[in-house]
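What follows is a short report on a single structure.
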Amino acid sequence: MVGAPRSAGMREFGYQRFNSGMVRHLSLRTAGELRVMLVQNAVSDAYCSSGYYNFPDLPMADKDWQGADLVFDIDSKDLALPCRAGHTVLKCAACGAPFLPPDGAGEGPAACPGCGSPRHDSRSLPCRDCVAGAKKEVAKLLRVLGEDLAVLPEDCAVYFSGNEGFHVHVDDERFRGIGSGARGEIADYVAFRGAVPERFGMARSGAAGLPEAGEAGWRGRVAAALLGPKSARPRLVREAKAAGYGAFAARLAGLQPSLGARIDRNVTTDVHRIFRLPGSLSGKSGLAKAPCGRDLDGFDPYRDACLVDGDPVDVVARSPVRFRLRGRGFGPYDGEAVTVPRFAAAYMICKGLATAPPRPPAPAPR
Ligand SMILES: [Zn+2]
Ligand SMILES: [Zn+2]
């Protein structure tokens, strides 16, 4: 169930309906007003700003920005996981047929096997590995926020984004008033982007003060990753010194994907962005932007964010990829009429992989 977020009266709201554009710059004060907006407009997607304004319903330049939550976006599609090609479906822009990309092509060029059109868009049915990979990035992010920036766990809300990843909303007054530039620095910090050797005791003139295991922050993490366990340290330090500045810089850069949290920097720096409203369903999946709670490992979006009921409904399903929801497997389907739980029908329809069955012909007029 969707509730009004904290300080709702200072936030901008927005929504989308199926197959139509975005409506934004709306102001709502209460959960009741929010429900009226959702119901009256039959929205497919609901959004709310991370920012606070004195006049949320005015154009951006006149809103009078007062601050924003610090938000991080982690998306499994940015992780370049090898599983992705196996659950990407292309949908022909000309005839609408979904089809699997030719071997190894992923989301690249491909012709529709039905009509030959080269135009298509792609949609992914993320698998368990995608979810696990994104969770790993969330865990890295939370660790750095907690250990290095003293963000309290109770000030971090982790949500399944509703489709392919996770949103982390940090509500900590220290960050509320900071602008885009400072948010970019925090984004680079948690991502371990742009680390310079000098910070880790390696200068062009030589090494002095290489990090020790057990040091706080990135120095400690780099020591553990580069200079190894205690027994190996003297040798590894000798080797690092001998290899010199350029080699050290390259090794630091090489650590970035494994040590840093892979976040979308543009999301964190945008202080005017509207985000999917917590608790609402995503029109791209029919799954909810659901809070993950304290047990991120135990959270399964295909169970815990699948909130549509399970009443049987009839659809014509064309999902070349098998998927699992609420512990049940579905598909693959090749254009057949099937009866499935409503949550599975919603998932496929939102992915563009199922349609309502043709209506029976109307009785002939007498
Ligand atoms: Zn086609
Ligand atoms: Zn996957």
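Counting starts at 1 for both ligands and their atoms, in listed order.
Hydrophobic clustering keeps Leu79 apart from Phe160 (ILVMFWY residues linked when any side-chain heavy atoms are closer than 4.5 Å, directly or through intermediates).
Defined by atom type and a distance below 3.5 Å, a donor-acceptor pair is present between the side-chain atoms of Gln16 and Tyr47. The closest side-chain donor-acceptor pair between Arg11 and Tyr52 falls under 3.5 angstrom.
Taking CD of Glu164 as the reference point, atom NZ of Lys284 lies at 8.0 Å (rounded to 0.5 Å). Atoms CZ and OG, on Phe13 and Ser27 in that order, are 8.0 Å from each other to the nearest 0.5 Å.
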(Q) One pair to check against salt bridge (Lys or Arg N to Asp or Glu O under 4.0 Å): Arg221 and Asp148. What are the steps and the verdict? (A) CA-CA 11 Å; Arg221 292 182 202 107; Asp148 298 15; 2.8 Å; yes
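Around the Zn ion (ligand 1), protein N, O or S atoms at less than 2.8 Å comprise Cys92 SG, Cys95 SG, Cys112 SG, Cys115 SG. Shown are the protein N/O/S atoms under 2.8 Å from the Zn ion (ligand 2), given by residue and atom: Cys83 SG, His87 NE2, Cys127 SG, Cys130 SG.
Comment: Arg174 does not engage Asp155 in a salt bridge, judged by the lack of any side-chain N to carboxylate O separation of less than 4.0 angstrom.
Checked against ring-ring contact (aromatic ring centres under 6.0 Å, His included), His87 has no partners two or more places apart in sequence or in another chain.
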Listed pairs under 3.5 Å, donor-acceptor, residues 134-146 side chains, sequence neighbours left out:
| from | atom 1 | to | atom 2 | distance (Å) |
| --- | --- | --- | --- | --- |
| Lys135 | NZ | Leu296 | O | 3.1 |
| Lys135 | NZ | Asp297 | O | 3.0 |
| Lys135 | NZ | Phe299 | O | 2.5 |
| Glu137 | OE1 | Lys140 | NZ | 3.1 |
| Glu137 | OE1 | Arg262 | N | 2.8 |
| Glu137 | OE2 | Lys140 | NZ | 3.3 |
| Lys140 | NZ | Pro257 | O | 3.2 |
| Lys140 | NZ | Ser258 | O | 2.9 |
| Lys140 | NZ | Gly260 | O | 2.9 |
| Arg143 | NE | Glu147 | OE1 | 3.4 |
| Arg143 | NE | Glu147 | OE2 | 3.1 |

